[in-house]
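Below is one structure, written out as structure tokens, with a few remarks after it.
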Amino acid sequence: MRDIIGPALKLIRLPHAEGLDLPAYETPGAAGMDVRAAVTEPLTLAPGKRMLVPTGFIFEIPQGFEIQVRPRSGLAFKNGVTCLNTPGTIDSDYRGEVKVLLVNLGDEDFHIERGMRIAQLVFAPVVQARVEEAENFSQTARGAGGFGSTGV
Ligand SMILES: O=c1ccn([C@H]2C[C@H](O)[C@@H](COP(=O)(O)OP(=O)(O)OP(=O)(O)O)O2)c(=O)[nH]1
């Protein structure tokens, strides 16, 4: 396997993920690791419906990092299947199984097979802010302008 320079990410495989590939970067420059459906039998996601799909893995994310669960563009383009809460947030203190909330925005049934790559996991740094209530702020040219205030 290719050497990856980056923080170690420990994971535990749950029994229903027996035999499945580990989440993996599909190309050397991939931002996300594809993750697979750890379903024990094929499931059907009907148009307009959502489903929480197990990945079969628990992660120990180092403090100061998160995992973002992001959709795969191929599934979205071909089938209209995406992550409903995108990007899903996996907190560093979460010790449960990572699940993917899929939604079928297409017009045909989508069949989820065991081992199908359903989403990608992006390992990313996070900084927690110290929230401070204030009376006033510094002035800026933009001020409160937004939502197209600079023109199209
Ligand atoms: O796509 C997702 C999103 C979240 N989670 C897990 C990991 C995450 O750490 C936990 C809580 O997620 P989030 O903070 O988005 O949920 P919440 O709705 O704020 O619930 P909670 O009260 O549990 O924080 O659920 C997943 O497995 N998949």
Side-chain angles (χ1 to χ4, degrees), residues 1-134 137 142 144 146-148:
M1 200 172 64
R2 219 161 33 87
D3 284 342
I4 293 181
I5 299 165
L9 178 62
K10 291 207 293 194
L11 49 73
I12 289 175
R13 182 192 295 271
L14 294 166
H16 55 279
E18 201 52 54
L20 289 185
D21 287 351
L22 289 175
Y25 297 101
E26 295 293 321
T27 64
M33 299 168 251
D34 282 356
V35 70
R36 295 169 186 275
V39 292
T40 48
E41 57 190 43
L43 299 176
T44 298
L45 186 56
K49 299 294 181 190
R50 60 182 184 271
M51 187 181 278
L52 211 43
V53 183
T55 65
F57 291 97
I58 301 176
F59 294 82
E60 185 176 84
I61 304 171
Q63 179 97 41
F65 294 87
E66 63 162 335
I67 288 176
Q68 298 172 9
V69 183
R70 296 199 203 162
R72 294 188 64 215
S73 63
L75 287 184
F77 181 58
K78 288 187 206 139
N79 308 96
V81 171
T82 187
C83 298
L84 182 55
N85 58 326
T86 186
T89 303
I90 312 299
D91 302 288
S92 65
D93 56 357
Y94 179 66
R95 294 291 179 273
E97 177 179 13
V98 169
K99 295 184 178 168
V100 177
L101 183 54
L102 289 183
V103 61
N104 184 353
L105 303 179
D107 44 24
E108 286 176 15
D109 280 355
F110 181 70
H111 303 290
I112 302 169
E113 311 274 349
R114 181 172 178 79
M116 175 184 270
R117 290 178 291 145
I118 48 169
Q120 54 186 318
L121 306 181
V122 175
F123 183 79
V126 278
V127 177
Q128 286 185 330
R130 253 178 310 108
V131 176
E132 288 177 13
E133 198 164 357
F137 289 153
R142 173 181 287 278
F147 309 98

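Computed from heavy atoms alone, side chains included, the values below leave out hydrogens, waters and symmetry copies. Every value quoted in this text rests on a predicted model; they were computed, and no experiment measured them. One-based numbering, in listed order, for ligands and for the atoms of each.
- We find the CD1-CE distance between Ile4 and Met33 to be 8.0 Å, quoted to the nearest 0.5 Å.
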Distance-only donor-acceptor pairs under 3.5 Å for side chains of residues 57-68, two or more places apart:
unit_1: Glu66; atom_1: OE2; unit_2: Gln68; atom_2: NE2; d: 2.8
unit_1: Gln68; atom_1: OE1; unit_2: Arg70; atom_2: NE; d: 3.1
unit_1: Gln68; atom_1: OE1; unit_2: Arg70; atom_2: NH2; d: 3.0

Compile the donor-acceptor pairs under 3.5 Å between side chains in residues 72-80 and protein atoms, sequence neighbours left out, one pair per line.
unit_1: Arg72; atom_1: NH1; unit_2: Arg117; atom_2: O; d: 3.0

Check: residues 108-116 side-chain donor-acceptor pairs under 3.5 Å, at least two apart:
unit_1: His111; atom_1: ND1; unit_2: Thr44; atom_2: OG1; d: 3.1
unit_1: Arg114; atom_1: NH1; unit_2: His16; atom_2: O; d: 2.9
unit_1: Arg114; atom_1: NH1; unit_2: Val39; atom_2: O; d: 3.1
unit_1: Arg114; atom_1: NH2; unit_2: His16; atom_2: O; d: 2.9
unit_1: Arg114; atom_1: NH2; unit_2: Glu18; atom_2: O; d: 2.9

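- Nearest heavy-atom pair, Gly106 versus Pro47, reported as atom, atom and distance to 0.1 Å: O-CB, 3.4 Å.
- Atom CG of Leu105 is surrounded by more than 12 heavy atoms from other residues, nucleotides or ligands within 6.0 Å.
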Show me the short polar-atom pairs for ligand 1: any N or O of it lying under 3.5 Å from a protein N or O, with distances only.
unit_1: ligand 1; atom_1: 1 (O); unit_2: Asn85; atom_2: ND2; d: 3.2
unit_1: ligand 1; atom_1: 9 (O); unit_2: Asp91; atom_2: N; d: 3.0
unit_1: ligand 1; atom_1: 9 (O); unit_2: Asp91; atom_2: OD2; d: 2.6
unit_1: ligand 1; atom_1: 27 (O); unit_2: Lys99; atom_2: N; d: 3.0
unit_1: ligand 1; atom_1: 28 (N); unit_2: Lys99; atom_2: O; d: 2.7

